[in-house]
Structures are given as structure tokens and as C-alpha cells.
Protein chains: 2
Amino acid sequence: MRRTKSESEETRQRILDAAETVFLDVGVSRASLERIATEAGVTRGAIYWHFANKKELLEAIIGRVHGRHQAVVARTFEGGAEPLQKVLDWALEVIEAFATEEHTRKVYTIIVTRCEYVGEMQQARRLQQTMHDTMAANFQSAFEAAEAAGQLAEGWNAASASITLQCFMSGLLDNWLRYDFDADVAKKLRAGLASLMASFRAGAGLAALASVSPDEGGGTT
Amino acid sequence: MRRTKSESEETRQRILDAAETVFLDVGVSRASLERIATEAGVTRGAIYWHFANKKELLEAIIGRVHGRHQAVVARTFEGGAEPLQKVLDWALEVIEAFATEEHTRKVYTIIVTRCEYVGEMQQARRLQQTMHDTMAANFQSAFEAAEAAGQLAEGWNAASASITLQCFMSGLLDNWLRYDFDADVAKKLRAGLASLMASFRAGAGLAALASVSPDEGGGTT
DNA sequence: ATATATACAAACACTCATGTATGTAAAGGG
DNA sequence: CCCTTTACATACATGAGTGTTTGTATATAT
């Protein structure tokens, strides 16, 4: 009955997929390893072989999206585009990801509304904090560059713009996942983002709005 | 041993206080009624007398802050002030409440990071959604009034401004509670809010910033 | 003054998840 | 070809929490 190395990796992934489903369904604490095992077509023995406990399962799940997130950040922030454009591109990509990739939505829903960050699970929270801090740092430096180039509108500075966009994006995702936004709201969100970014831009007229294409729609569930 | 009616109400409140403490400490699902009872100086019998189960305990806790929140909304939105000023006042009051009242912070921390909204607990989520919708409706009508009065800056409309501020405030509180902001960040938050509100205001110069007093500080934990 | 409902405490019965220990068949290295 | 390790399945031991039932002293209504 022993599996080959690649088969083993396959069951590992199946366990992770099953864990996502069950975590989303009944929450992390109520999710029994027995149910996850059944959903993955294995026994608890398999889970305990690949992971020490439920906490490590959750961390592995977060790790998978962490990697994808890093890739997006790298792609948008390491180009040679104008700083404000980079930030906008990043925000649009994030919204796009949430609108189109159910997998992304699933995992973040678990993170936001299906887990209690207490005891051992606090380590998982620190993993999120790392992602958060990375994002904040990228915002900060992008807005500083914009400020230095005189591209920030009057009334804003790097710090205030950075923290404002950070809160806006966090709140956007939080509301999205917590209250199950429909496609209609998704459009309003893009409009809000467009207006906000326009207000950051020095000498911004309605011209800046054109860079956001508000006619692409994305459904939620 | 039987208590008088007011004594009974007193123990009810003690149970709620204890539940808050324990929920915050170990999360809603890990919180055993036994531990809550001990913390309140009673037995589980007392809890089951006052509440049907853990879910009703949580709902009662949320209900307490729900009432306070409604009071703040009524106070700020039912006045005769200018619509944008009402919104700003409300936002500042919320930030102030989170900065100064540990109790408010405790309960919202439970709501945001110590509860899994699944199964019976979904009802508790609906309670939040009600609060959220109330807030959104107030924003919407305030910004519509501002738009009608020509007080909204170019680039914004009632819908985009409303959803932007809504996301900003949600994200602000979410980040605050999730990542334990320090007093330094609290200042940046006020600055961000000031800039954002200023950008909403038609013909806004730096004058509008004066209405926010950024020198009042509030610590977190 | 007594009967009843109240406000709990104490005891019981039951489920269910967790961690670990042991079994085992096949993969893969030498 | 054999030995070891891998990749699980199975079995076991244990604890912890929940809902309910029963007991009881006393406030309160009549």
C-alpha cells in the first residue's frame, strides 16, 4: 500500500484542499481531523504523518496564498512604472484576484471569519502580520517616491496616503468576505478605488479615472 | 440562597463580563462555560439559567455594544450640522471610543479575531450586518445630501465616497484590532482620516484639516 | 402564613476529538 | 535481493465539554 514520493505529495495537497473546505464549512476549531481525513479520502494517520497538528495545517494553507501574494507584489512593485501607478495596479490585481479566483476567496474567508487567533493559532496571526507589513512597506516607499516627485496632491503626504489606502484595502476585503458582497458592490468598490487614487494624484482631474476600467465585472459567490 | 431580583441582574452582568474576558482570552469556541462560570464566581447552573447556550451569551455581549453604537449614531447623524461634518464627527467619535474605552476594544476584538462565524454563530454575524447596514445607510444619505448641496469635490459622488469611507473605517478598526496598533499609528490614522475627508470636500484646501484636532492622543494597550 | 416560582448549585449521562502507539506493505537504496 | 525507511491505516487511551436533571433555599405574591 505504500505510495511513491509524488503520490505522497499528491495526498498532502489533497489534505490541504480538504482542510480548506472543512475549515470554511465549520470553522477551524470545530473542524475535526477525522472529517478532514474523510474529505481527503485518507485516515487521520495520513494527516498526522504530513502535519503535526491542526495549527500546522492552517499555517500550510496560509503559506500557499502567501506565496501567490508575494508573486503579485513582486510583479507590480518591481517594475519601472510610476509609483502611484504601481500602487493602483497592485490594488486592481488584488480586487481582480478576489473577484475571479474562488480559491483565494476561500482561504481569505477562513482567515477573516473562520479562525480564532488565540493560543497556538497566534503564530498564524504573525504570518499574516508579515504579509501586512510587507504591503505597508511597499505602499510607504511608493508614496514617498510619489511625494518626492511632486506627484502627490495637496492635502496628502506619504504617511497619510499610505495608511489611508492600507485601511481602504483592508476594509474592502474584510467587508467583501464578511458580508458577501455581490457583483453590484464590486463595481462600486472599483469606483471608490478610482476616486481615491485620483484624489492622491497631483493635478488630478477626471482624466485619471480613465485608467481604471470599471466595466469588467466580477461575481462573488 | 435565593437572590433578589436586582442581585440576579447583577450576576447576569457579572456573567457577561466574565464571558467577555474568557472569550477574549481563549476565543469563543474554546471558552468553556465552566471557566466563564468560575470567572464570574458562579456555577454553570447560573449561566444556563440566564442564557440558553454560548451563542446567546455572545449575542448578549454584541447587543450591549450594539446599543451604545446606535446611541452614537443617533447623536451625530440626527443633528442639524452639515452632512460632511456629521460623517467626520461620527468617524472621530468612533476612533475616540476605540482609543479610550478598553471595553469597546475588548468586545470588537472578540468580534473580529476571536469568533468563527459558522453554524449557530452565523446569527451573530447577521447582528453585525445589521449594524453595518445601518452605518452604510447613514453614510449614503449624508453623502447624497452633500452631493445635492454641491459640497462634494470633483471626482467623487455619493456612492463612491460612501463606500470608500465605509471601507476605510472598517479597515481602520480591523487593522487596529488585528495588529494591535500603538499610539503612534493612532495619530497617523487621524491624519489619514483628515486628508480623506478633506479630499471629499469641494474646494477643499488645508483649511478643512483644521477641524480635526490631531493633538489628542489615545493609547491602545 | 403558606404556596409557588425563582435563582441558582450539584450531579449525571453522553458525545466526540485528540494524541499516541502499533501494525504493515511497498518503495528505494546499497 | 535484502534491509531500512516511508507512507500511511488501525486501534487505544484519555480528557474535556455540553445539555439536562435534580436538589434546595429563599424571595415574593396572595
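Letters A, B, ... mirror the listed sequences (proteins, then strands); counts begin at 1. Please read these numbers as outputs of a predicted model, since none were measured by experiment.
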Residues which pass side chain to side chain contact (heavy atoms under 4.5 Å, CB included) with A:Glu10, listed by chain and number, not counting sequence neighbours: A:Arg14

If the condition is side chain to side chain donor-acceptor pair (under 3.5 Å), which residues does A:Glu59 pass it with, not counting sequence neighbours? none

Among residues 15-29 of chain A, which ones have heavy-atom contacts with DNA chain D below 4.0 Å? none

What I want to check is whether an N or O donor and acceptor connect the side chain of A:Arg2 with the base of C:dA27 at under 3.5 Å. yes

Under 4.0 angstrom between A:Lys54 side-chain N/O and C:dT18 OP1 or OP2: yes

Verify the contact: side-chain N or O of A:Trp49 to OP1 or OP2 of D:dA7, cut-off strictly under 4.0 Å; return yes or no. yes

What pairs meet the salt bridge (charged side-chain N to carboxylate O under 4.0 Å, His left out) rule with one or both residues in residues 83-94 of chain A, with sequence neighbours excluded? A:Arg75-A:Glu93

Quick one, which residues of residues 36-47 of chain B touch DNA chain C with a heavy atom under 4.0 Å? B:Val42, B:Thr43, B:Gly45, B:Ala46

Heavy atom of residues 7-14 of chain A under 4.0 Å from DNA chain D: which residues? A:Ser8, A:Thr11

Separation of B:Phe51 atom CZ from D:dG19 atom P, in whole Å? 14 Å

What about B:Trp176 and B:Tyr108, are their ring centers closer than 6.0 Å? no

Should A:Tyr48 be listed as having a side-chain N or O under 4.0 Å from OP1 or OP2 of C:dG19? yes

Any B:Thr4 side-chain N or O less than 4.0 Å from OP1/OP2 of D:dT28: yes

Calculate the interatomic distance between B:Lys5 atom NZ and C:dA7 atom P; express it in whole Å. 7 Å

Phosphate oxygens OP1/OP2 of D:dA7: is one of them under 4.0 Å from a side-chain N or O of A:His50? no

Could you give the CD-to-P distance, from A:Glu34 to C:dT15, as a whole number of Å? 17 Å

Whole-Å distance separating the CZ atom of A:Arg3 from the P atom of C:dA25: 13 Å

Residue list, side chain to side chain contact (heavy atoms under 4.5 Å, CB included) with A:Ala46, at least two apart or on another chain: A:Ile15, A:Val42

Partner of B:Lys55 under side-chain hydrogen bond (donor to acceptor under 3.5 Å, both in side chains), chosen from B:Glu120, B:Gln122, B:Gln123: B:Gln123

Can you find a side-chain donor-acceptor pair between B:Ser170 and A:Asn175 that sits under 3.5 Å? yes

Please tabulate, for side-chain N and O atoms in residues 66-74 of chain A, each donor-acceptor pair with protein atoms closer than 3.5 Å (sequence neighbours left out).
{"unit_1": "A:Arg68", "atom_1": "NH2", "unit_2": "A:Glu101", "atom_2": "OE1", "d": "3.2"}

Among pairs that include at least one residue of residues 125-139 of chain B, which meet salt bridge (charged side-chain N to carboxylate O under 4.0 Å, His left out), considering only residues two or more places apart or in two chains? none

Side chain to side chain contact (heavy atoms under 4.5 Å, CB included) with A:Ser141: which residues, sequence neighbours excluded? none

Residue set satisfying side chain to side chain contact (heavy atoms under 4.5 Å, CB included) with B:Asn157, at least two apart, ordered chain then number -> B:Glu147, B:Ala159, B:Ser160

Can you tell me how far C1' of C:dT18 sits from CZ of B:Arg30, to the nearest Å? 12 Å

To the nearest angstrom, how far is A:Glu120 atom CD from C:dT18 atom P? 11 Å

Salt bridge (charged side-chain N to carboxylate O under 4.0 Å, His left out): which pairs involve residues 32-41 of chain B, sequence neighbours left out? B:Asp25-B:Arg35, B:Arg35-B:Glu39

